[in-house]
Amino acid sequence: MVVRKPAHGLLDTLNVPYEDEGDYVVVKHAAQLTSTLLSKVLEAPNVKLFNATAAEDLIVKPDPNVPGGKYIAGVVTNWTPVSLNHGLQSCMDPNVVESKVVVSSCGHDGPFGAASVKRLAAMGMVPEIPGMGALDMNTAENRIVENTREIVPGMVLAGMELAEIDGSPRMGPTFGAMLVSGQKAAHVALAVLRKRQAQEAAATGNSSAGQKTMTA
């Protein structure tokens, strides 16, 4: 598993060994990185893992801060075997997970790939998606990190799913941008949460002021 610098800093944090090759490092077993990362995340007290679960749709609500606008308010989930076989079996009603911000990193197009951006395009919340460009490793990773952002209100995109909507190149077998994009997405998500909390606080304050005026 090839990781271009400076993304190797996360490997140092996780104590994942690698071979230093100058501009990049090589992790001997990709499974060691993914399993270590997963175990560290699951140690956090506020993390829940839903295994064999697919987010097959999005929850969309009117945005009170933008006239006529909409925002992503969560995801619709189902068992993965059900999502894969909707046309072959009886319907099984999904569950919903509401959220103030959703981080989507579904990857490039595939069976479950780019699920969020394709759904957003189908609902007219983003322009038609062009799909990822041809492989260009030297520019692809920078584009992924630079373009990690809130794509529509309430949804932050990270990783190769960005390439589908931005038309940026695919990157091949190098994974530095995956790590750094995920780290940047966390900061973007926190900023989105703080912004929404400030808007809610302002709305509550305005409502209270209006009530006082009416009482007076």
Side-chain angles (χ1 to χ4, degrees), residues 1 3 7 9-16 27 29-61 63 70-86 89 91-120 123 125 144-145 148-162 164 175 177-201:
M1 186 177 196
V3 176
L10 181 59
L11 305 183
D12 292 335
T13 300
L14 298 173
N15 292 318
V16 174
V27 178
H29 298 290
Q32 183 178 14
L33 171 57
T34 54
S35 61
T36 302
L37 181 59
L38 184 60
S39 68
K40 295 296 183 182
V41 169
L42 293 177
E43 287 176 2
N46 58 343
V47 170
K48 293 183 179 180
L49 171 67
F50 294 89
N51 199 18
T53 301
E56 63 179 23
D57 204 354
L58 304 174
I59 301 171
V60 181
K61 294 184 178 181
D63 191 340
K70 300 176 181 178
Y71 76 99
I72 304 303
V75 295
V76 179
T77 69
N78 217 325
W79 296 114
T80 300
V82 174
S83 293
L84 287 171
N85 295 284
H86 273 312
Q89 61 190 14
C91 177
M92 182 177 289
D93 289 333
N95 296 308
V96 297
V97 180
E98 292 191 291
S99 176
K100 292 185 177 181
V101 60
V102 174
V103 178
S104 180
S105 54
C106 296
H108 57 69
D109 200 6
F112 284 116
S116 294
V117 295
K118 287 189 286 190
R119 188 71 179 108
L120 290 173
M123 292 186 292
M125 294 183 68
I144 291 298
V145 175
T148 300
R149 65 194 186 279
E150 184 184 28
I151 192 71
V152 296
M155 173 169 283
V156 177
L157 282 189
M160 280 302 293
E161 190 168 17
L162 286 156
E164 294 290 339
F175 296 90
M178 302 295 94
L179 303 179
V180 179
S181 177
Q183 291 175 298
K184 181 178 178 181
H187 291 285
V188 175
L190 283 173
V192 172
L193 280 173
R194 293 183 181 123
K195 178 181 177 181
R196 187 167 295 279
Q197 289 170 347
Q199 291 172 335
E200 291 174 352

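Positions are given from 1 along the sequence. Values in this document were obtained by computation on a predicted structure and should not be read as measured data.
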Participant: Would you confirm whether S181, through its side chain, and M178, through its main-chain N or O, come within 3.5 Å as a donor-acceptor pair?
Facilitator: no

Participant: Is there side-chain contact between V3 and L179, with at least one heavy-atom pair below 4.5 Å?
Facilitator: yes

Participant: Just jot down the side chain to side chain contact (heavy atoms under 4.5 Å, CB included) partners of N95, sequence neighbours excluded, or say none.
Facilitator: T77

Participant: Can you list every pair that meets side-chain hydrogen bond (donor to acceptor under 3.5 Å, both in side chains) and has a residue in residues 38-47, with sequence neighbours left out?
Facilitator: none

Participant: Among all residues two or more places apart in sequence or in another chain, which pass the salt bridge (Lys or Arg N to Asp or Glu O under 4.0 Å) test with K184?
Facilitator: none

Participant: Taking only residues two or more places apart in sequence or in another chain, which ones pass side chain to side chain donor-acceptor pair (under 3.5 Å) with Q32?
Facilitator: none

Participant: So, using side chain to side chain contact (heavy atoms under 4.5 Å, CB included) as the criterion, who are the partners of L49 when residues are at least two apart?
Facilitator: L42

Participant: Who pairs with R196 by salt bridge (Lys or Arg N to Asp or Glu O under 4.0 Å), at least two apart in sequence or on another chain?
Facilitator: none

Participant: Taking only distance into account, with no hydrogens and no angle test, what donor-acceptor pairs under 3.5 Å do side-chain atoms of residues 104-117 form with protein atoms, sequence neighbours excluded?
Facilitator:
unit_1 : atom_1 : unit_2 : atom_2 : d
S104   : OG     : S116   : OG     : 2.7
S104   : OG     : E161   : OE1    : 2.7
D109   : OD1    : K118   : NZ     : 2.8

Participant: Check side chain to side chain contact (heavy atoms under 4.5 Å, CB included) between V192 and all other residues, then give those that pass, not counting sequence neighbours.
Facilitator: V101, E150, V156, V188

Participant: List for me each residue that meets salt bridge (Lys or Arg N to Asp or Glu O under 4.0 Å) alongside K195, sequence neighbours excluded, and say none if there are none.
Facilitator: none

Participant: I'd like to check the side chain to side chain contact (heavy atoms under 4.5 Å, CB included) partners of N51; sequence neighbours left out, ordered by chain and number.
Facilitator: none

Participant: Kindly compute the distance separating CD (Q197) from NZ (K100), expressed to the nearest 0.5 Å.
Facilitator: 5.5 Å

Participant: Would you say that L11 contacts L33 through its side chain, given a criterion of any heavy-atom pair below 4.5 Å between the two side chains?
Facilitator: yes

Participant: Is any side-chain heavy atom of V60 closer than 4.5 Å to a side-chain heavy atom of I72?
Facilitator: yes

Participant: With side chains defined as the heavy atoms from C-beta onward, is the minimum distance between Y71 and V152 less than 4.5 Å?
Facilitator: no

Participant: If you measure from CG on N78 to CG on D93, what distance do you get to the nearest 0.5 Å?
Facilitator: 8.5 Å

Participant: Applying salt bridge (Lys or Arg N to Asp or Glu O under 4.0 Å), name anything that partners K61, two or more places apart in sequence or on another chain.
Facilitator: E98

